[in-house]
Amino acid sequence: MVNKEKVEAAVKMLLEGIGEDCDREGLRETPARVARMYEELLEGMDASAEEHLMKTFTARDNQMVLEKDIEFYSICEHHMMPFFGKIHIAYIPDGKVVGISKLARTVEVFARRLQIQERLTAQIADAIMENLKPKGVMVMAQAEHMCMTMRGVKKPGSQTVTVICRGLFEQDESLRSLFMDMVKQR
């Protein structure tokens, strides 16, 4: 849970540290606004993927379920700058499926934390494996990192891609290829 008072004090100290006047009109309410923003952006810290993945439905003979192009926004824990992009999730049910909106909600649980993309990708896959108990899951995240765009190397448009395979996807190259082909389709 975000401690708004501490965040406000830290933002005020940051503003003073960069030479700003915290009492000028445009900045008077900034510490409170930033505290509310972080409360919203980091609401996944107190959330659980289990609550979204626990309601399942019986479904037989599904070879693969793919939900692609799930947009996400997260905050990099290294520079506290945004990174954003799309996540693609495929799983092979073992008699049970989850409502497709629950996959997007699972993404939100983990994206709305201080994160690194590699951990985000793995957390999504592991939560699906643990809660749905599918035969396999594959997750791909494609993101642009503002720490690469606005500062440092300054390379706008560069994409970082992470992929995690669990279960049958680890063992079966044809499943991984099918996933990649399906993600590429428009």
Shared hydrophobic cluster, [X] / [Y] (ILVMFWY, side-chain heavy atoms < 4.5 Å):
X	Y	answer
V98	M129	yes
L66	L178	yes
I70	V163	no
I75	F72	no
M140	V109	no

I need the minimum non-hydrogen distance between [X] and [Y], along with the two atoms involved.
X	Y	answer
R176	C165	CD-SG, 3.6 Å
M148	S158	CE-OG, 3.6 Å
V65	P93	CG2-CG, 3.8 Å
R166	A125	CG-CB, 4.2 Å

Heavy-atom count check: over 12 atoms from other residues, nucleotides or ligands less than 6.0 Å from [X] [atom1]?
X	atom1	result
K68	NZ	yes
L14	CG	yes
M13	CE	no
E29	CD	no

Starting at [atom1] of [X], measure out to [atom2] of [Y] and round the result to the nearest 0.5 Å.
X	Y	atom1	atom2	answer
R112	E39	CZ	CD	12.0 Å
I164	E170	CD1	CD	9.0 Å
Q123	Q115	CD	CD	4.5 Å
R33	M37	CZ	CE	11.0 Å
C76	L114	SG	CG	9.0 Å
I116	H78	CD1	NE2	5.5 Å

>> Run the side chain to side chain contact (heavy atoms under 4.5 Å, CB included) test on L132 and K96 for me, step by step, so that the C-alpha distance in whole Å, both residues' side-chain angles and the decisive distance to 0.1 Å come before the verdict.
In response: CA-CA 7 Å; L132 291 183; K96 297 281 184 186; 5.9 Å; no
> Out of Q159, K86, H88, which residue meets the side-chain hydrogen bond (donor to acceptor under 3.5 Å, both in side chains) rule with Q142?
Replying inline: H88
> Is it true that a side-chain atom of E144 and a backbone atom of G157 form a donor plus acceptor pair closer than 3.5 Å?
Replying inline: yes
>> Main chain of D94, side chain of K133: is a donor-acceptor contact present, judged purely on distance under 3.5 Å?
In response: no
I'd like to check [X] versus [Y] (side-chain heavy atoms, cut-off strictly below 4.5 Å). Are they in contact?
X	Y	result
L15	R24	no
M180	M138	yes
D21	L27	no
H79	M146	no
L103	I128	yes
I87	L120	yes

Does [X] have any side chain to side chain contact (heavy atoms under 4.5 Å, CB included) partners at least two apart in sequence or in another chain, and if so, which?
X	answer
L168	I92, K135, Q171, L175
A59	N62, V97
Q117	F83, T121, A141, A143, H145, T160, T162

>> Under the rule for ring-ring contact (aromatic ring centres under 6.0 Å, His included), what residues qualify as partners of Y91, not counting sequence neighbours?
In response: none
Using residues 41-57 as the side-chain source, report each donor-acceptor pair under 3.5 Å to any protein atom, sequence neighbours left out, with the distance given to one decimal.
residue: D46; atom: OD1; partner: M1; partner atom: N; Å: 3.1
residue: D46; atom: OD2; partner: M1; partner atom: N; Å: 3.2
residue: S48; atom: OG; partner: E50; partner atom: N; Å: 3.2

> Which pairs pass ring-ring contact (aromatic ring centres under 6.0 Å, His included) with one or both residues in residues 108-130, sequence neighbours excluded?
Replying inline: none
>> Evaluate V107 against I89 for side chain to side chain contact (heavy atoms under 4.5 Å, CB included), listing each step before the verdict.
In response: CA-CA 9 Å; V107 168; I89 302 170; 3.8 Å; yes
